[in-house]
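Shown next, in structure tokens, is the structure this report addresses.
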Amino acid sequence: MNQEELFKKLVSHCKEYGFVFQSSEIYDGLSAVYDYGQYGVELKNNIKKYWWDSMVLLHENVVGIDSAIFMHPTIWKASGHVDAFNDPLIDNRDSKKRYRADVLIEDELAKLEAKIEKEVEKARKRFGDTFDEALYRETNARVLEVRARYDALNQRFNQAMNDNDLAGLKQIILDQEIVCPVSGTRNWTDVRQFNLMFATEMGSTADGALKVFLRPETAQGIFVNYLNVQKSGRMKIPFGIAQIGKAFRNEIVARQFIFRMREFEQMEMQFFVKPGEELKWFEYWKDIRIRWHRQMGFNPGDYRFHDHEKLAHYANAATDIEYRFPFGFKEVEGIHSRTDFDLARHQEFSGRKIQYFDPETNESYIPYVVETSIGVDRTFLQVLSASLHEEEAPTADGGVDLRTVLKLPPALAPVKLAVFPLVKKDGLPEIARQIINDLKFDFYCQYDEKDSIGKRYRRHDAIGTPYCVTVDHQTVSDETVTIRNRDTMVQDRVPIAQLKEIVGQKVSLRSLLGDAIKSE
RNA sequence: GCGGGAAUAGCUCAGCGGUAGAGCAUCAGCCUUCCAAGCUGAGGGUCGCGGGUUCGAAUCUCGUUUCCCGCUCCA
């Protein structure tokens, strides 16, 4: 199976077995939005619990919050989202390159400016010491002509930008005969405005309603609660605040199934540290986070760090944890040293003093932040990519058959235990039901009596159930059952009374979490 | 957004101008068997959606939606 086939197989497996469905499918779907089905939601919840427990349960200096999706609009001005993601964009049809329309025009203005400077330089050489630059700029015909063009263009440009006049911007590009630097052609699309953030209105009447945004990241909900949590929790630096929640982005290109969606879920932790110690903590969390991924037991060679060469304006170190998806190495998690950018901006925009008083040094400072930010949906896709296998299995008559098996870490599997009566009579179904009625308080169990026993095993292989228990005639006399391992297909005969302990041990999160923390 | 491909039953697909099919899956019954494919029967599709051509369209054509691939963008 090549990578492309594997990915197609994965997508159809997700639908066929109730993991992921396209949103609004019966209405032809909604682009880049997906729903999680009955097994998908279990797997997703287990992934979130694995993350949450590894952060909040196992680090006494990390606490969690759950902030609202709606936030005061000024927050997005402070964070930089409003300014940074409202660009008018234009495509060149020949080179397929995309440009910011305003930048193209600014470049044109700069060219005119350069032309004037060139004229001035030429004149300076020609006139030598007697050159009166100011006079020349005011009187030379060629300079004045270019200057006039510059002013006219500049005025028109500012007007169009202020009026948000996209058609006007395109007209300027056409009138100025601006060409694509790559293709050299003037075959432009219309100028379009791309808004990263979804906007909506808060307030029941149209007039007086407040324009609010659906958050494009969960991090800001943590920053604006920094003071609340630090004070009410009596938190001492260094400490972290974790949060799991939905975020929304109007992606220009949304692709690759649930890898890039318009509505997605993030698991973020912002760790507040003393200025100057941020790089030490950056390394610390890098190590913790890669352990968390590796602990799931998939091929270690399928993970790698990708350090950022070019850093965002707020960061002084950044790396991604990438996973080898069927469509290549892609980012699953980002770890960023964000300096004091966010808290400083919120201090500026809110007018509140957002600082930490250090009693030892008797000083106040704005904490620095180290962020770990991981996509739930990307992790989900990563876990499924790594788990889905097709392998040969022997059949009853000595032949060979392909079986599809999801080798999920047991702690993440949607269904932990399936219980089957070998046959649908002789009191076996009743015993199977009794076993489930007892164990369903501890983990998700399923009963199945339909079809041959082999088919039932295969059905549960396909959704990743780690254990299948079969009640047979021997069970009636000695209260033992067979328990079958998903990965090895090996069966053991064990007393019913031991099932809870055997399965419980294997599917407990402890097996994953044990090494996912660092002994300090 | 640009270019290419695809869309027929829950899934995988056949049919390519003349009454919508197969396998698997589902449901009911029979059979009781520790690793798919035993027997009988049943349900399920206005062939993604909307126009056009035609006596007649799943099939030809135009548009549109969604998905996949490449480019592009990415906090």
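Each chain gets a letter, A, B and so on, in the order the sequences are listed, and its residues count up from 1.
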What contact category does [X] fall into here, base, sugar-phosphate, or nothing, at under 4.0 angstrom with non-hydrogen atoms?
X	answer
A:Y34	sugar-phosphate
A:T482	base
A:E331	nothing
A:R456	nothing
A:I453	sugar-phosphate
A:R249	sugar-phosphate

Nucleotides 43-49 of chain B: which of its N/O atoms have a protein N/O under 3.5 Å away?
residue	atom	partner	partner atom	Å
B:G48	O2'	A:D28	OD1	3.2

- Using Watson-Crick and G-U wobble pairs with both distances under 3.5 Å, what is the 5'-to-3' dot-bracket string of RNA chain B, with [ ] for crossing pairs and | for pairs outside the strand? ((((((((.[[[[.)..(..]]]].(((((.......))))).....[[[[[..)....]]]]])))))))....
- Phosphate-side-chain proximity, A:Q22 and B:C67, N/O vs OP1/OP2 below 4.0 Å: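 For B:C67, OP1/OP2 do have a side-chain N/O of A:Q22 under 4.0 Å.
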- Message: Distance check, C1' atoms only: B:G52 and B:A57, in whole angstrom units.
- Response: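 It comes out at 11 Å once rounded to the nearest Å.
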Write down the protein N/O and nucleotide N/O pairs, taken from nucleotides 38-42 of chain B, whose separation is under 3.5 Å; answer none if there are no such pairs.
none

- Looking only at N and O atoms, is any donor in the side chain of A:R260 or the base of B:C74 less than 3.5 Å from an acceptor on the other one?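 Counting by modelled atom types and ignoring angles, a donor-acceptor contact under 3.5 Å is found here.
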